[in-house]
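Worksheet: the structure to be examined is printed underneath.
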Amino acid sequence: MGIVYSLGLRILLHRFVIEHIIVDMIDFSVILLPSSYIFSIILTFGFNFIVNIFMGIKLEKINMAESLKSID
């Protein structure tokens with residue numbers, strides 16, 4: 001859901017950032033390519049997938065009945 005919402009706000013956020021980093025000697029490009037959004041979506045899903053794999057392995061090692069007995 002975050003990706004869907006962020007795709008709607010991408011142009012406004014990019015324009016806001018570019019307008020606030022104005023430097024006299026440097027001109028930043030304001031062109032946004034669709035491939036950059038596809039790349040960022042793929043990176044987001046890839047990172048989430050890797051984290052879920054590692055956390056799934058760690059969570060399987062936890063004894064849930066014993067963790068409920070813990071005072072901590």
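The figures that follow rest on heavy atoms only: side chains count, while hydrogens, waters and symmetry mates do not.
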Inset, instruction - Might you confirm whether atom CZ of Phe45 has over 12 heavy atoms from other residues, nucleotides or ligands at distances under 6.0 Å? - result: no
Legend entry - Separation of Leu9 CG from Arg15 CZ (nearest 0.5 Å):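 Spacing of CZ (Arg15) from CG (Leu9) equals 13.0 Å.
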Inset, instruction - Supply the atom-to-atom distance Leu59 CG to Asn52 CG, rounded to the nearest 0.5 angstrom. - result: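 It is 9.5 Å, given to the nearest 0.5 Å.
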Inset, instruction - Can you sort out the partners of Asn63 under side chain to side chain contact (heavy atoms under 4.5 Å, CB included), two or more places apart, ordered by chain and number? - result: Ala65, Glu66
Legend entry - Partners passing side chain to side chain contact (heavy atoms under 4.5 Å, CB included) against Ile42 (at least two apart in sequence or in another chain):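 Ile42: side chain to side chain contact (heavy atoms under 4.5 Å, CB included) contacts with Ile38.
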Legend entry - Residue pair Phe39 / Leu43, side-chain heavy-atom distance below 4.5 Å: yes
Legend entry - In one Ile/Leu/Val/Met/Phe/Trp/Tyr side-chain cluster, 4.5 Å: Phe54, Ile62: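 They do not share one cluster, since no chain of ILVMFWY contacts under 4.5 Å joins Phe54 to Ile62.
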